[in-house]
Chemist: 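Dropping the structure in here first, questions after.
Below, chain A is the first sequence line, B the second, and so on; all start at residue 1. Note that this is a predicted model, so its numbers are computed, not measured.
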Amino acid sequence: MSETVKKRSKSRVSGVDRFLTFIRVLMATLIVLGVVAFISQQIWPNNPFAEWRNPDARGLTGDQFKGLVVSGLSQGAMYGLIALGYSMVYGVLGFINFAHGEVFMVGTMSGWITSEKLNDAGLWESNFILSLFLIIFVAITTSTVTAVITERIAYRPLRNSPRLIPLITSIGVSFFIQNAALGLFGPASKGYPRLPEWLAKQRSILTVEISGTKILVMVVAGLSMACLWYLVERTQTGRAMRAVAEDKEIASLMGINVNRTIVITFAVGGAMAGVGGILWGLLFRSVTHMTGFLPGIKAFTAAVVGGIGNMGGAMAGGIALGSAESIAPMVILEPLGVPGVSQLKDAIAFTVLVLVLLFKPAGLFGEKLSQEDRG
Amino acid sequence: MSLLEIHNLQVTFGGLDALSNLDFSIEEGEIVSVIGPNGAGKTTFFNTISGMIPPTSGEIIFNGESVLGLDPNQITEMGIARTFQNVRLFPNMTVLENVMVSQHCRTSQLVVGALFQTKAFKQEEKEIRERSEEILGFFGTRLVGYRLDQPAFALSYANRRRLEIARAMATQPRLLLLDEPVAGMNPIETTELTGLISKLRDEWGFTIVIIEHDMKVVRDVSDRVVVLDHGVPIAQGAYDEVSTNPNVIEAYLGRPVEAKS
Amino acid sequence: MMTTNLTSKKPFELDWKRTLFWGSVCALSQVFICLVGLPSELNRRILIESTLSLGYLFILWIPLVFGYVVSKMVELEGVENPKPGAADLLSGALTGLLGSLGLVLLMLGIDNLDMRDPLINWNQKLFRLLTFENSISFGSLVWIPVGVGLGTIGASLHQMSGQIRKMSAYAMFGLFSFAVLEDVIDDLSEGFRLEWLSDMIYAKKGGMTVTSAIVLAIVLALLPLITRGKFKKTVDRYRSDAKPENQRRNSVVLFSTVAVLVIVLPWFLGGIINELLANVGLFLLLALGLNIVVGLAGLLDLGYVAFFAVGGYTTAVLTSPNSPWFSPETHFGISLLVVVVMATLAGLLIGAPVIRMRGDYLAIVTLGFGEIIRLLFLSDWLKPYLGGSQGITNVPAIDLGPWEVRGADPRSVFYMVLVFCVFAIYISWRLQGSRLGRAWMAIREDESVAEVMGINTVNSKLMAFVVGAVLAAFSGAVLAAKVGSVFPKSFEILVSIIILVVVIVGGMGSITGVMVGSLVLIGILGGPRQPGLLQEFQNFKLLIYGALLVFMMLKRPEGLVPTARRTRELHQEEYLQDAWLGDDESEDREEVGEQL
């Protein structure tokens, strides 16, 4: 049979495919090359390649490396918390809620206002734990309310419209919230009050130097993740959410209140963003109206890395992205002789997004798609 | 040499065989009907031939060349065109544009011609337009005149089906795959379209494969009938042969109770 | 039962819940707008001398709109609707009242509480504005009747006859336009030596005089009575004229009128307005490019600014003597050729990885690419080549033999941009009606079907990217020469978003729409760094653009000037005949949607 079949002379691999393969190979080579150069630089600082590309590099000490990993992890935990909101909304409604980063910003902002007031009242210093709970509560409330209101006003009327329409709308919402915050609170950067010494001081755990704040961030992120897991996997509401994600129409026929479930999805995503916002405030101690923009896009990247629609994936993606962002400049770019690597942190996050979509479009942990995507 | 040869075609979705061991060929100038109960894999069969779904294994040879691994547009260029079960027109484009756009692979003008309005460009546009009107004229007066400039979504259901066939014809295929062409039409429209399908072969020279549930249509147009059930071909042959085949009756109606014992 | 219930509504039976809800929304909106700082900032701009500033207008339109909304009835088919009556007016008035109460509360709050810490506009400036530099009671005495009045007027809009509604709309909108276009009219009348005209309309300190406002309002209101829809009829006739030779003649007449106007007018305009027009042109060029990518091919490219940057930087590197790495100081014309090549390459490079992605992923990834390119331009890594954050300065003017196009002479820039815009419009127009344009539309409608119909989707989408990229790069090139320098700061994501707003507000896929969109938005509100006619908006531009984007998507997704295709959707007899196939219809709609 095969002799009679004349293979088409026309090539079956188009130019675009070839180009993509080329990019894949190129990026993979660069990454491997960077890592190899880094390792050899650690072992033999004056090796010829290092002499050529990066003559005055000193490499990283073990502590520096651990420090990078730790800050990557804590940053990543926050990305993960925000990413959950993207992932859940995408899982249930099948659209990218671009404004979710602003929901996070609203949380950080309201946390700042509350902490400022608490600081004035003296409670911040006298009873920090209580104040922490208070600001987390306020942040969760405002973020949730923001998320739910945007859903009601901007997204619900567009429930059945083409996928890109709500995306464009959410871009508008994002800019609206951002600039409303600018108008209300002004352009200056606002600082969170100083954290108590017992929390902020450096500790040494298992030979890793880590600040108490970062421990707090990771613990709170872990706890919220656990709560969320319980909600989605073990409760009636969670079952309703998963059903709506599968098929809205059938779910409503089964007696599930679809609108309510979608509102809850937005609310829970908003709450997670609120928690993330407080953690951000504690870790970086400053907030502006632009705070939500980049972390928002990065959190979306994290959601895609972990497989959008997949909750554990969102957290894992966040941590992977945070680590990559923190480690890659020093480990891959610097040994290759790129100057000013820390400026390229954000560029790395976006490159990760492109690479993941090129290599594994469904994300590292697979993608749970809602009905809309299969059709 | 047959126009379309299918060897051992198998398509698997997540462990489920949508098609298995499909093995048959279609000769130039034939009208073949593919029938079978719902979920038998008929539409999967079309999707596989037109390149929308890659087969798990097997070989599809069209006109002596393998089509496996080709993009759908390349397959269309080789001469296979299809319609869809759930009519999928370009709803916001006009009737005329719908037909014009599907001559894409038979034409070649790009940016430069359009910008400088070259002779070749104008000539080609004119030909595309004339051919489109000729094709639409095949369905009588329904799709011509003022309707040429109507958006496709404003058409009636039957007219949408007709337009979809016209659009497929415009790709100038040798093999035309029609997926339930009369679904949703009333009896008069059905009879008319049945006649047109024969005309498509006799006057336009297409080889035609039809998926159809309406047995009257199947009987009237097909030279040969293939019956699929659970992705497996269970019978083929002339309509009268197939319609009395016990396997086929069983597939459609289920096994009679007494046969169990 | 239902019917009787609905029709037997008593004249003063109010829907309290609805009224309360919209009333509080009205109050909240007014307080929000005050606290965002719109009134305080816009108060500088006087619309009508000593009566109305833009700042006050921004508070006043709210009760009007919500009064209109609250009295809007749900129209049920087949059910007799209650006649609009006093109850509706009352609910409108109540809504306005609640809104004004919000303002009163705000005044009391500012007077008694100090919330300046988080809220920067919680200050005396706002207080003075709200109380008219008088006491709270005086402020309340003004706001409450005004709010009630406006709410009632808003509600009564439903009950006016079409003619009166039209007249008042003409008057209001026309007055607003006159007030906003003050600078333009001033400038024009100076150019035509008709200073007396602008002196008559406008007061010395800015804003219209009260008398001229009243006279103009009356004249404008009478306009629809005089024309009686003749204008609309002419437009309709022009659009639907079946005879090709007539249509051709009409097009020629229309085209040459516009051409003469556009070429002659700048000579009668001053520097500022010409500068404004040049900016409008630059963004129109960008918008036309994005219109091909988003409007025709349906690819939501959020990193469109990258191509703008490529054009600007290529020109700067090639023509500026200050380019740090490679400085051939070529002529603009030669650099333009390189710009085309670079833009094509950039289009292919950015297009290729995203071309197979789903629509929403494509949006975010292109956004990522836009940021990557900006960050690279900004980085120390490329600083030796592209100047880092200092950018490249000293980009020379464009030397065209007898003429020179330079930033200091906005008229020359305008003509330069005009040439490019005409080119872009020509390209869009010709491609729309060509084989490629049809392929783009098919891809926008249903990509997988387009592929089955024999369209090479990958190549067609790449072509859209490339054409869009080249147009954006042209805009970037002119910008570099106009400003005389390029900085990474000029190429932020905002640019992409603002152009997207222009395209969407104008009407996706419609060339006229995009022109109107950029004229209105960029001309009046301004571009990302370029002030528009209402310079006071500088800080609120993005707020308005964001709100506008949401509003358009919710209420008018087809844009201000939809394509002829969409207005043509009127022959629906057949469509209606098939009403019994309703389900199919909606499914199809959804499918249409999926592709957009």
Chemist: Can you name the closest pair of heavy atoms from C/L376 and C/S379 and give their distance?
Modeler: O-OG, 2.8 Å
Chemist: Can you confirm whether C/V305 sits close enough to C/I373 that some side-chain heavy atom of one is under 4.5 Å from a side-chain heavy atom of the other?
Modeler: no
Chemist: Report the C-alpha distance between C/L548 and C/L521 in whole Å, list the side-chain angles of each, state the deciding distance to 0.1 Å, and finish with yes or no for side chain to side chain contact (heavy atoms under 4.5 Å, CB included).
Modeler: CA-CA 10 Å; C/L548 210 56; C/L521 291 183; 3.5 Å; yes
Chemist: Which region of A/T351, side chain (C-beta onward) or backbone (N, CA, C, O), has a non-hydrogen atom less than 4.5 Å from a non-hydrogen atom of chain C, or is it both or neither?
Modeler: both
Chemist: Find the one option among A/F98, A/F19, A/F293 whose heavy-atom pairs under 4.5 Å with chain C are most numerous.
Modeler: A/F19
Chemist: Decide yes or no on salt bridge (Lys or Arg N to Asp or Glu O under 4.0 Å) for C/R356 and A/D17, but give the supporting numbers first.
Modeler: CA-CA 10 Å; C/R356 288 193 201 274; A/D17 291 318; 3.0 Å; yes
Chemist: So what's closer than 4.5 Å to chain C heavy atoms on A/F185: side chain, backbone, both or neither?
Modeler: both
Chemist: At a heavy-atom separation under 4.5 Å, does A/L353 approach chain C through its side chain, its backbone, both, or neither?
Modeler: side chain
Chemist: Heavy atoms, side chains only, cut-off 4.5 Å: are A/F300 and A/I308 in contact?
Modeler: yes
Chemist: Contact part of A/K190 toward chain C, heavy-atom cut-off under 4.5 Å: side chain, backbone, both or neither?
Modeler: neither
Chemist: If you tally heavy-atom pairs under 4.5 Å against chain A, which of C/L367, C/L500, C/N456, C/N459 wins?
Modeler: C/L367
Chemist: Answer with side chain, backbone, both or neither: which region of C/V458 has an atom nearer than 4.5 Å to a non-hydrogen atom of chain A?
Modeler: side chain
Chemist: Decide yes or no for C/L554 and A/P157: does some side-chain heavy atom of the first lie under 4.5 Å from some side-chain heavy atom of the second?
Modeler: yes
Chemist: Using non-hydrogen atoms and a 4.5 Å limit, figure out which bit of A/E116 sits close to chain C: side chain, backbone, both or neither.
Modeler: side chain
Chemist: When you look at CH2 of C/W381, are more than 12 heavy atoms from neighbouring residues, nucleotides or ligands closer to it than 6.0 Å?
Modeler: no
Chemist: Does a sphere of radius 6.0 Å around CZ in A/F359 hold more than 12 heavy atoms from other residues, nucleotides or ligands, not counting ones at 6.0 Å or beyond?
Modeler: yes
Chemist: Any side-chain heavy atom of C/M508 sitting closer than 4.5 Å to one from C/V294?
Modeler: yes
Chemist: Taking the side chain as every heavy atom from C-beta outward, state whether A/F95 and C/D360 have any pair of such atoms under 4.5 Å apart.
Modeler: no
Chemist: If contact means a heavy atom pair closer than 4.5 Å, which residues of residues 145-155 of chain A contact chain C?
Modeler: A/I153, A/A154
Chemist: With sequence neighbours left out, what residues match C/Y385 under ring-ring contact (aromatic ring centres under 6.0 Å, His included)?
Modeler: C/W325
Chemist: Which region of C/L35, side chain (C-beta onward) or backbone (N, CA, C, O), has a non-hydrogen atom less than 4.5 Å from a non-hydrogen atom of chain A, or is it both or neither?
Modeler: both
Chemist: Give, as side chain, backbone, both or neither, the part of C/Y545 having an atom under 4.5 angstrom from any heavy atom of chain A.
Modeler: neither
Chemist: So which part of C/L462 gets closer than 4.5 Å to some heavy atom of chain A, the side chain, the backbone, both or neither?
Modeler: side chain
Chemist: Relative to chain C, which of A/V173, A/I171, A/I113, A/L358 shows the most heavy atom pairs under 4.5 Å?
Modeler: A/I171
Chemist: Assess whether ring pair (Phe, Tyr, Trp, His ring centres under 6.0 Å) is satisfied between C/F551 and A/F176, documenting all intermediate values.
Modeler: CA-CA 11 Å; C/F551 179 80; A/F176 182 80; over 10 Å; no
Chemist: Which one wins on heavy-atom pair count under 4.5 Å against chain A: C/L549, C/D380, C/N539?
Modeler: C/D380
Chemist: Are the aromatic rings of C/F58 and C/F537 close, with centres under 6.0 Å apart?
Modeler: yes
Chemist: Quick check for you: to the nearest 0.5 Å, what is the distance between C/S460 atom OG and C/E451 atom CD?
Modeler: 10.0 Å
Chemist: Heavy-atom cut-off 4.5 Å, strictly under: side chain, backbone, both or neither for C/I544 against chain A?
Modeler: neither
Chemist: With a 4.5 angstrom heavy-atom cut-off, which part of C/A363 approaches chain A: side chain, backbone, both or neither?
Modeler: side chain
Chemist: Measure distances from C/L38 to the heavy atoms of chain A and classify the residue's part below 4.5 Å as side chain, backbone, both or neither.
Modeler: neither
